[in-house]
Each structure stands twice: as structure tokens, then as C-alpha cells.
Amino acid sequence: MIELVRNVRLWFAPRAMREEGGTPDYRFSLANERTFLAWLRTALALIGGGFAVDQFLPDLRWAWRAGLALALLAAGVLCSLRAVNHWVRCERAMRRGEDLPVSRFPALLSITVAVVAIAMVVVVLVGWAG
């Protein structure tokens with residue numbers, strides 16, 4: 001838990017990152033930033049999908065619509081928060097000369113998206129008339 005709090009503090013204090021070991025090759029830092037931006041694009045797509053389900057499927061039963069939309073919105077929120085946390089963890093590891101951190105988050109996100117997609121397939125096949 002203490003490590004998480006330290007990571008969150010580094011989200012808002014990028015100069016403090018300089019205290020973490022030496023400066024890595026800039027290409028690695030830029031690659032880390034590109035990965036961060038890819039996670040943010042994924043988060044935005046999930047959030048957009050959540051709003052699309054809610055706004056463009058008015059004939060879908062409310063419980064289905066709300067459940068699917070909230071699952072996508074929650075996945076987007078978690079993805080955006082995880083993106084910045086992973087960026088900080090990777091940047092710190094590179095500066096310290098450590099192995100890059102591993103994460104279960106991609107697997108969890110994939111499972112969440114797959115479950116929502118399966119639910120949407122069921123909705124399409126069964127029909128969504130309330």
C-alpha cells in the first residue's frame with residue numbers, strides 16, 4: 001500500500017522522478033510514454049463505448065443497458081488510472097536499472113471486455129425489446 005501511495009505522489013510530481021536512479025536512454029522513456037498513450041486511447045474507447053451503449057440503444061432493457069454501459073465505463077476509468085500508475089512504475093524501474101514490472105491488469109481488462117462483448121452478442125441474438 002505504501003508503494004501505491006508513493007506512485008500516486010509521483011503522478012503529480014514528475015521532478016521527483018529524477019531522484020529515482022539515473023536517467024535512462026531517452027528512447028526507452030519515449031517508448032514508455034507511447035505505451036501510456038496507447039492505454040489512454042484504450043480507456044477513451046471504453047468510455048466512449050459505454051456512453052454509446054447507453055445513448056444509442058434506448059430500446060434495450062434498462063438493466064442490460066445500464067449494466068453494459070457501467071461495465072465499459074468502469075473498465076475505462078480503471079484503464080486510465082492503471083495507465084499512469086504503470087508508466088510511473090516502468091519509468092522508476094528503468095531509472096533504477098531493474099526489471100520492468102509485470103501486471104495482471106491486461107488479462108483482467110481483456111476478460112472484462114470479453115464478458116461485455118459476449119453479453120452484447122446475447123443481446124443481439126435474443127433481441128433487445130423490453
**Q** Are the side chains of Phe51 and Leu73 in contact, using a 4.5 Å heavy-atom criterion?
**A** yes

**Q** With a 4.5 Å cut-off on side-chain heavy-atom distances among I, L, V, M, F, W and Y, is there a chain of contacts connecting Leu78 to Val116?
**A** yes

**Q** Taking only distance into account, with no hydrogens and no angle test, what donor-acceptor pairs under 3.5 Å do side-chain atoms of residues 34-46 form with protein atoms, sequence neighbours excluded?
**A**
unit_1: Thr35; atom_1: OG1; unit_2: Ala31; atom_2: O; d: 3.0
unit_1: Thr42; atom_1: OG1; unit_2: Ala38; atom_2: O; d: 3.0

**Q** With hydrophobic residues grouped by side-chain heavy-atom distances under 4.5 Å, do Val84 and Met17 end up in a single group?
**A** yes

**Q** Quick check on Asp25: does its CG atom have over 12 non-hydrogen neighbours (other residues, nucleotides or ligands) under 6.0 Å away?
**A** yes

**Q** Give the cluster check for Trp87 versus Leu108: same hydrophobic cluster or not, with ILVMFWY residues linked at side-chain heavy-atom distances below 4.5 Å.
**A** no

**Q** Please round to the nearest 0.5 Å and tell me the distance separating atom CZ of Arg92 and atom CD of Glu19.
**A** 11.0 Å

**Q** What's the separation between atom CH2 in Trp62 and atom CG in Leu57, rounded to the nearest 0.5 Å?
**A** 15.0 Å

**Q** Minimum heavy-atom separation for Leu100 to Met94, with atom names?
**A** CD2-CG, 3.8 Å

**Q** Can you name the nearest heavy-atom pair linking Pro24 to Arg95, along with the distance?
**A** CD-CG, 3.6 Å

**Q** According to a hydrophobic-cluster definition based on side-chain heavy atoms being under 4.5 Å apart (Ile, Leu, Val, Met, Phe, Trp, Tyr only), do Val8 and Val88 belong together?
**A** yes

**Q** Which heavy atom of Asn85 sits nearest a heavy atom of Trp11, and at what distance?
**A** CA-NE1, 3.6 Å

**Q** When you look at Arg82 and Ser103, which way does the side-chain hydrogen bond (donor to acceptor under 3.5 Å, both in side chains) test go after all the steps?
**A** CA-CA 10 Å; Arg82 183 64 179 123; Ser103 174; 2.8 Å; yes

**Q** Please walk me through it: do Phe105 and Cys79 pass side chain to side chain contact (heavy atoms under 4.5 Å, CB included)?
**A** CA-CA 8 Å; Phe105 185 76; Cys79 190; 4.2 Å; yes

**Q** Can you tell me how far the CD atom of Glu91 sits from the CZ atom of Arg18, to the nearest 0.5 Å?
**A** 11.0 Å

**Q** Rounded to the nearest 0.5 Å, how far does CG of Leu109 lie from CZ of Arg104?
**A** 15.5 Å

**Q** Following the transitive rule for hydrophobic clusters with a side-chain heavy-atom cut-off under 4.5 Å over Ile, Leu, Val, Met, Phe, Trp and Tyr, establish whether Met120 and Val115 coincide in one cluster.
**A** no

**Q** For Ala69, does its backbone N or O pair with a side-chain atom of Asp54 as donor and acceptor, under 3.5 Å?
**A** no

**Q** What I'd like to find out is whether the side chain of Leu72 reaches to under 4.5 Å of the side chain of Ile47, using heavy atoms alone.
**A** no

